[in-house]
Structure formats: C-alpha cells, structure tokens
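For reference, the structure is listed below as structure tokens.
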Number of protein chains: 2
Amino acid sequence: MPPSAGRVTIRDVAAAAGVSRGTVSRVLNGEGYVSDHAREAIERAVRTVGYVPNTAARNLALNRSGAVGLVVHEPHELFLEDPNIGAILLGANEVLSTADQQLVSLVIDSERDTERVVRYLRGGFVDGAVVVSAREHDALLEAMQRTTLPTALVGRPPQGVEMPWVGIDNAGAAAAVTQLLVDRGRRRVGIIAVGLDRDSGADRLAGFRAALGPAFDPGLVVERPLYEYAAGRDAMRELLDRAPDVDGVFATSDAVAAGALEALLAAGRRVPEDVALVGFDDSSWARRCRPALTTVRQPARDLGAAAARLVLDQLSGIPAGPEGRLLPTEVVARDSA
Amino acid sequence: MPPSAGRVTIRDVAAAAGVSRGTVSRVLNGEGYVSDHAREAIERAVRTVGYVPNTAARNLALNRSGAVGLVVHEPHELFLEDPNIGAILLGANEVLSTADQQLVSLVIDSERDTERVVRYLRGGFVDGAVVVSAREHDALLEAMQRTTLPTALVGRPPQGVEMPWVGIDNAGAAAAVTQLLVDRGRRRVGIIAVGLDRDSGADRLAGFRAALGPAFDPGLVVERPLYEYAAGRDAMRELLDRAPDVDGVFATSDAVAAGALEALLAAGRRVPEDVALVGFDDSSWARRCRPALTTVRQPARDLGAAAARLVLDQLSGIPAGPEGRLLPTEVVARDSA
DNA sequence: GCTGGTTCTGTGCACGGTCACAGGCGACCG
DNA sequence: CGGTCGCCTGTGACCGTGCACAGAACCAGC
C-alpha cells in the first residue's frame, strides 16, 4: 500500500466541491459542458484536498497507460560503454515527452529479466514499445510478435520478424569507410568484426566484403562477440600475428578501434603511416584517441526519435508497415586513416 | 486501446475451466484451498485462451504496482558520459529483480519532465523510487517529500530534505587522494572542482581543502559547472595561466582529469614528473589515459543495490531513518601521480 | 403554459482484478 | 442419524476512474 493509506479520490474532490464525480471528471479532462461556477469550485477543491489522479484506475477505465517502454537488450558492460544507447534513449524521450507520454526504460540483463519485461509490457503498463539491439532468435521479439502492442525496432529485425523499424545502412556505411581505406592505397585490409549475432555486426562485415570485392581475404577477418576495448586489443594482436603485412584495419566499433590502436602502437606500428585504422560510431572514443579516429557517425539520437514516432503513429491509428526506414550516416575523416 | 480489442480476462479463463473467477484468482496467486482437479483445469485454460493478467486492474485492486522507479536527474551529455549512473542502474536492477520488482528508469531532462515524472511517480505507477543525483533546491525532491512513497536517494540529500540515502564519503575520499599528492611531495596543489550544485561536488572541494589545511590556496581553485572532458581541458589551461608553478592537480571526475591531462601534455608538462594528476570515479577514462590515471574508485553498483534495498525495506514495513549510509571508497594508484 | 432546444449535472455501469463471506459437500464422531 | 469440522467453491462488493444516458434547469418562441 505505497500511496498514502487514505488515498484522495475523485469522490473526495466531488464532496469538497459540492458536485458529483461526473462533473469532476469532466473538468479534469477538460471536455463537455461545465459551468464556470462548478469548474472553479472543483479546481479549488483539487488543490485543497491534494488530489492526484490514480493512473492505475485511469488505465483500467481507458485501457491505456500513457507510457511507452524502451527495451534495451544488452549485457551490463556494453550498456555502460555504448554511447549510442544513451543517445537513442534521449531522442525517444524527447519525442515522447512532447506527446506527453512517459518513457520507461527496461533493461534486460538475463533470461529472467526477459520474462518479467514481457509480462510488464503485456500487462497494460505501456501503450507501446521501442526495442533496441535485438538479435537473432530473440525471445523478447518472439513474444512481442504475438501481441498487438504497437512496437518499433531500432535496427533491422532478424529474419522472419515483421515489425516497423528504423536503422542505418550498416552495409553501405561499412563499404564507404572501407573504400576510404582502399582510396588511401591500402592493399592488405583486415576487419575486426564484432556483434555478429545482430544485424549491425553482420551487415558491417557484409559491406566490408562487398567494398573489397576480389581483394577480400578471409584470413584477415577476426571475429569477437562483444564490442569492447579489450576485445579490440586482443583481436588486433591476433590479426598482426596472422598477417604482419596488414596495412589497413576496419574495427566495427570505436571502442574496439581504440583497443586495436593500443595494440598497434604497442607493436611499434605507426598509425596511419604503417597501418590505417577506421572505427564506427563516432563516439567519444574517436575524438579521444591519439591519433583521433576516422569513423562513421550514426544519428543515434534521431534513430531513437524516429522509433518513438513510429510508435506514436501506430497509437493514433496510422498503421506502420514492416518496411524499415534508413537514416543517413556520414564518414568522419580524422587522423587515423 | 493498445492491448487487443477483445482482451482475455480472468472471466474467460473461469468459463473455459468451468469454475468461478474466485477459484481462478486463487490458483493464479497460489493461495487458499483449491482442488487438484480445478487447478489443472485452470492451468490448462490459461494456456489455451492465452491469458495474461492485466496489471492495471491488479494494481487497482491491490493498491500496488510491482515496479520501482529510478529517477535520473542529469542533463543529456552527462547521462551519456557518466559511467556511474549506468552502474547504479544495474545494481538497483539486480536487487529489484530478485524481489520480482520491475525497475523503470525515468530521465529528467527539462522542467516539463519533472512535472510529468512526479505525476507518474504519484499516480500509482510505482511502489517506490530511487532518486539519483539530486541537487540543491530540487523541485523533484520537494514534491517527493510531500508523498508517502518509499524513496531512497543515492547521494547525500540537500539541506532540509530528510530521506533515507546511501552515498560515499566524498569529503574523506577527496582528502585521501589529495593527501596522496602531498605525500608525493607536491606543494602547489590545485583543484578543478565541478558540479558544485550537488553534494558530491561540494564535498570533494571541502575534503580537498581540509587535507591541504594551511597550504590551501584559493587561487588554485578552478570551478566548472559540468563534469565534462572539454571543461577539464579549459579549466586546466586557466589554472596553468594563473599558476604556472602548479605541481599537483585534483580533478574531481575522471572525464575532467582526462581533459586536464590533454591540456597539460599540450603545454609541454610531463605527467607525473612535472605535474601529478589525480581523478575521481575510476571510470574507463582512467584506464584509457596515458599515463593511466590515479583516481578514486566508488562502488557505484553497490550504491544502486543499497538504495534499492532501502526501498524494498520500506515496502516490507521496515522504516528507514533519514540517516545515511556510507559505502567505502578506495584510492587506485596508477601512473599519473 | 406548453414545447423544444441548449446547457449543465448526477447516476449507474464498466474496466479486470482481489478478497471476505457464505455456504455446499463429504467425512468423521458421538 | 445429526452435528461439527475441514476442504473447496461461488458470489457480491470494492479499488478509482471514464462514459453514456437520463434528466434538471433555464431560456426563447408560439
């Protein structure tokens, strides 16, 4: 019984103002015919008795909640490090805020979390949901698909899942930044590919491969599950072992690129003279590194905003098709390539 | 009407199982006497009709919500950069998760947000709240104080606000790390003090001052509102201008210290030989810098967990006094001092 | 004064659950 | 065989709100 024991209800307001519940309800929702006299009395009564509407009851009556969930499916470490997620959250918050919808963000950190989050989402707590960083065979998405809850994804959904989404052209952006390495005259170009269990990781590898064409060498591909600094460092060491003549590297996230940079410098390679290095994300890592990283900027904030709009559209009856929308990316040329 | 139009209710389950609502309710809540026959029929019916409990209705009847809010009051840029907030969130999520409570995090980014968040918190959506990074004269806290909602703060509350809280001994930790500079033989020790509008910032400055005692020189204090990389860089330039003979610097956050480091190196100072530098937080900045930063580790994750426990205690009827609890910090000696 | 329209207000029901209470039913006992 | 007790089940009230409907009050027109 968290709210105060004797909760103030619309009845108390009605009694204090000397009117009926219905009239109070009309005033609170600003509709229908209400006399000025009654309106003023009610507004005064609301203040004096300290009335706060009970949203649970309101939800029940209206069958809505006034809230939209943002589900982040990401292990601890990455949630902390990944700047994109924060930006997505803020972009979504901005849009929902103007629609007077409350953003509630839910972190999935284990299987038990998934189940509880699904229960939460389907339990009438939210009117819609934005799902970030879903991956292949995602239990959450499978559960969401069996719901009519208006949902939007950030990132391309896995095969077989049909939901509205916004994302970036990961393959195209990866190809563009790979092409930059080629244009700089690099002939032995490797990749540190991370997060292959989701669309972004897989697409970046595909774009890299497409850009190199026949010059693509599977021996220069190093895979890692997580996009972390340490993973980048270790992967770069492995790549140098395997192919000491490597002269260009695409690390598919800035944190990974920063780790790779450390390994390169430690191995006595000059960057970009001996090895040109590019990252992805344009996070604070990129500006912080010495040399500063050439990378790809993705409009994370806009992605969050667009996804939120997709949800709001569905709420106002505009159906959203399963076709996705791609936001533009931009290659940011700095010093590392 | 986000959930599907013809929502499956407990009545449908009762009809399908050939029993009454009351019996279904008893089975779902696992209490009272129910025959095995009825239980099995109901469990089967739940699956076949696809029943999901409506939490809004449940809340209304029980006057609870099964959720706890985490309110983060932080401008955009810092929310993205600050590793502590993410760790607090995860610590809280861990504890609440075991109590089967849903953590919902709410970001306050503008005054309009404050109002909506207060409405949300008081509207029966949550059973309790954890508030992070409140500051002096916080409209949110003032509103929360007039509520009986079980609340816990991360960080010492401002003057006049009485709420249970957990935090760290900012003054003591700042004094310890300042003392380390003194022990290294530094005589002209400056500080880049940020976030003075909240307890952490003000206390760190006070601890610094106390540690130096008579050696404290107000001319070596540079203040900045936000704890950002750029702020640290600019502040360090200012400090070097003002006092070229400075030989030790306490930057009250790692991000600020990293910025200060750039400015020092750019000015041709060797670190730590010419100027010893210490930070605060032990964030990824600290390990990433060259030289790696000497800093203070604060148990952000434990802070989140402890605050969540304070809320859960109150929910189970254990009153929490306004006295705070301090978690230990640790000076991490690396290369910068 | 009756009729009809407009403006305003009160009441009952619905939303989807929980819970207290009443009572049925069988077994056991005196 | 009647009473008591334990197990099980159904029913009605209630949580706090929104909404539809009925009807009251007022005014104007004939």
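Atoms considered below: every heavy atom in the structure, side chains included; atoms not considered: hydrogens, waters and symmetry mates. Numbers restart at 1 for each chain; the letters A, B, ... are given by sequence-line order, proteins then strands.
- Considering only the side chain of B:Arg58, C:dG17 comes nearest among C:dG17, D:dG18, D:dG16.
- Among the heavy atoms of the strands, none lies under 4.0 Å from A:Ala56.
- OP1 or OP2 of D:dT9 lies within a sub-4.0 Å distance of a side-chain N or O belonging to B:Ser35.
- Rounded to whole Å, the distance from CG on A:Asp12 to C1' on D:dC15 is 13 Å.
- You'll find that the side chain of A:Val34 is closest to C:dT9, out of C:dC15, C:dT9, C:dG17.
- One atom, CG of A:Asn63, and another, C1' of C:dG16, lie 10 Å apart when rounded to the nearest Å.
- Going from atom CG of A:Leu62 over to atom C1' of D:dA20 covers 14 Å, rounded to whole Å.
- Separating the CG atom of B:Leu60 from the P atom of C:dA14 is a distance of 16 Å, rounded to the nearest angstrom.
- For a distance-only test at 3.5 Å, the side chain of B:Arg21 fails to qualify as a donor-acceptor partner of the base of D:dT11.
- One interatomic measurement links the two molecules: CZ of B:Arg11 to C1' of C:dG17, which rounds to 9 Å at whole-angstrom precision.
- Comparing A:Asn54 and B:Tyr33, the nucleotide of DNA chain D nearest to each residue sits closer to the 5' end for B:Tyr33.
- OP1 or OP2 of C:dG17 has not a single side-chain nitrogen or oxygen of B:Ser25 nearer than 4.0 Å.
- Between D:dT17, C:dT11, D:dT9, one nucleotide has an atom nearer to the side chain of A:Ile10 than all others, and that is D:dT17.
- A:Gln101 contributes a side-chain N or O that, together with a main-chain N or O of A:Ala67, makes up a donor-acceptor pair within less than 3.5 Å.
- Between the base of C:dG10 and the side chain of A:Arg26 there is a donor-acceptor pair shorter than 3.5 Å.
- Rounded to the nearest 0.5 angstrom, A:Asp127 CG and A:Arg64 CZ are separated by 5.5 Å.
- A:Asn29 comes within 4.0 angstrom of the backbone, heavy atoms only, and of no base.
- Counting only heavy atoms from C-beta outward, the side chains of B:Leu89 and B:Ser105 approach each other to under 4.5 Å.
- When the side-chain nitrogen and oxygen atoms of B:Thr23 are compared with OP1 and OP2 of D:dG10, one or more of them lie within a distance under 4.0 Å.
- Side-chain N/O atoms of A:Ser20 include one lying less than 4.0 angstrom from OP1 or OP2 on C:dG10.
- Within a 6.0 Å radius of CZ in A:Arg39, other residues, nucleotides and ligands contribute more than 12 heavy atoms.
- Taking atom CG of residue B:Leu28 and atom P of nucleotide C:dG17, one finds them 9 Å apart after rounding to whole Å.
- Atom-to-atom distance recorded for A:Leu60:CG and B:Arg58:CZ is 14.0 Å, nearest 0.5 angstrom.
- Between the C1' atom of D:dC15 and the CZ atom of B:Arg64 lies a distance of 14 Å, rounded to the nearest Å.
- Whole-Å rounding puts the A:Ile42 CD1 to D:dT17 C1' distance at 15 Å.
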